[in-house]
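Please read these numbers as outputs of a predicted model, since none were measured by experiment.
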Amino acid sequence: MLGAYTKVNGHNMSPWSTDEGKITDTGAGAGVYGSYEEEKWQVKAIIGGSYDAYNNNKRELEISVSQLDSVNKKLVKAKDFADGIGCNLEGALKVKLSNKFKLKPYLGLDARRSYYGSIKEESSQETIIELLQR
């Protein structure tokens with residue numbers, strides 16, 4: 001048996017009704033799979049890859065040292081990009097124990113590689129500079 005698959009995903013999550021804490025995830029992927037069976041053994045394989053982009057709005061608090069009750073909320077926007085590739089291989093033996101029972105021991109190998117290409121945050125660096133200048 002041979003086949004191919006594709007995937008497209010998108011999620012929007014937020015614990016609040018504003019943009020604070022909002023996470024957006026979009027991505028796409030594709031892969032191929034196959035299997036081959038004989039009477040006493042079988043092998044299976046799947047190889048696939050994906051690309052994902054994450055956007056995250058988080059809250060950052062700025063506390064004034066001279067007035068501890070003065071707190072400003074700033075919105076920090078982060079963008080992350082990631083891609084990955086993976087492979088899964090399996091081989092199994094088919095051992096007949098009786099007319100009703102079969103034993104099928106198998107050996108599997110699973111390998112994955114993920115890469116985060118870039119991480120970018122807006123306004124976080126400005127806040128650090130502001131705190132150091134006071």
Side-chain angles (χ1 to χ4, degrees):
M1 173 178 62
L2 293 174
Y5 70 90
T6 60
K7 73 169 188 128
V8 177
N9 64 302
H11 300 95
N12 289 313
M13 300 165 275
S14 181
W16 300 282
S17 59
T18 64
D19 275 349
E20 295 175 356
K22 182 178 178 184
I23 299 171
T24 304
D25 169 22
T26 56
V32 294
Y33 60 90
S35 67
Y36 183 78
E37 283 193 49
E38 288 286 333
E39 184 180 335
K40 295 188 178 194
W41 58 273
Q42 71 181 42
V43 292
K44 298 178 186 177
I46 184 168
I47 299 172
S50 65
Y51 176 82
D52 294 288
Y54 307 94
N55 293 313
N56 183 3
N57 295 337
K58 37 190 175 173
R59 282 188 276 183
E60 182 175 276
L61 299 179
E62 180 184 290
I63 301 173
S64 172
V65 177
S66 60
Q67 298 175 347
L68 290 177
D69 58 345
S70 173
V71 176
N72 297 322
K73 284 197 281 184
K74 295 182 97 178
L75 193 62
V76 178
K77 296 182 178 183
K79 294 181 179 181
D80 309 334
F81 300 95
D83 62 39
I85 190 164
C87 176
N88 178 274
L89 304 171
E90 280 185 21
L93 295 175
K94 298 177 183 179
V95 181
K96 186 176 180 180
L97 299 177
S98 69
N99 287 337
K100 293 185 179 185
F101 296 102
K102 291 181 184 177
L103 182 64
K104 200 179 200 183
Y106 76 94
L107 178 65
L109 173 67
D110 191 41
R112 302 267 180 246
R113 178 197 132 321
S114 296
Y115 174 74
Y116 289 90
S118 67
I119 298 173
K120 179 183 176 185
E121 286 196 3
E122 297 173 12
S123 85
S124 175
Q125 189 71 0
E126 297 168 7
T127 303
I128 293 170
I129 292 170
E130 285 179 31
L131 289 173
L132 291 174
Q133 289 177 346
R134 290 190 184 163

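Sparse packing is recorded around CD of Glu39, with 12 or fewer heavy atoms of other residues, nucleotides or ligands lying under 6.0 Å away.
Residues Leu109 and Leu107 are members of separate hydrophobic clusters, defined by side-chain heavy-atom contacts under 4.5 angstrom among Ile, Leu, Val, Met, Phe, Trp and Tyr.
For residues 106-115, the set of pairs meeting the salt bridge (Lys or Arg N to Asp or Glu O under 4.0 Å) definition, not counting sequence neighbours, comprises Asp83-Arg113, Asp110-Arg112. Every pair passing salt bridge (Lys or Arg N to Asp or Glu O under 4.0 Å) that includes a residue from residues 84-107 is listed here, sequence neighbours excluded: Glu37-Lys94.
Closest approach of Ala4 to Tyr33, counting heavy atoms only: N-CE2, 3.6 Å. Between Pro105 and Val95, the shortest heavy-atom distance links the atoms CD-CG2, 4.4 Å. The heavy-atom pair separating Tyr5 from Gly48 by the smallest distance is OH-CA, 3.5 Å. Closest approach of Ile47 to Cys87, counting heavy atoms only: CG1-SG, 3.9 Å. Taking all atoms of both residues into account, the shortest heavy-atom contact from Leu89 to Ala45 is CD2-CB, 3.5 Å.
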Q.
Could you walk me through whether Gln42 and Ser35 satisfy the side-chain contact (heavy atoms from CB on, under 4.5 Å) test, starting with their C-alpha distance in whole Å, then the side-chain angles of each, then the deciding distance to 0.1 Å, before giving a yes or no?
A. CA-CA 7 Å; Gln42 71 181 42; Ser35 67; over 6 Å; no

Q.
Could you go through Tyr36 and Trp41, starting from their C-alpha distance and side-chain angles, then the distance that decides it, and tell me whether this counts as ring-ring contact (aromatic ring centres under 6.0 Å, His included)?
A. CA-CA 9 Å; Tyr36 183 78; Trp41 58 273; 5.7 Å; yes

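Residues satisfying the side chain to side chain contact (heavy atoms under 4.5 Å, CB included) test with Ser114, not counting sequence neighbours, are none.
Put simply, CD1 on Ile46 and NZ on Lys44 are 11.0 Å apart, with the number rounded to the nearest 0.5 Å.
Taking 4.5 Å as the limit, every side-chain heavy atom of Leu2 sits out of range of all side-chain heavy atoms of Val32.
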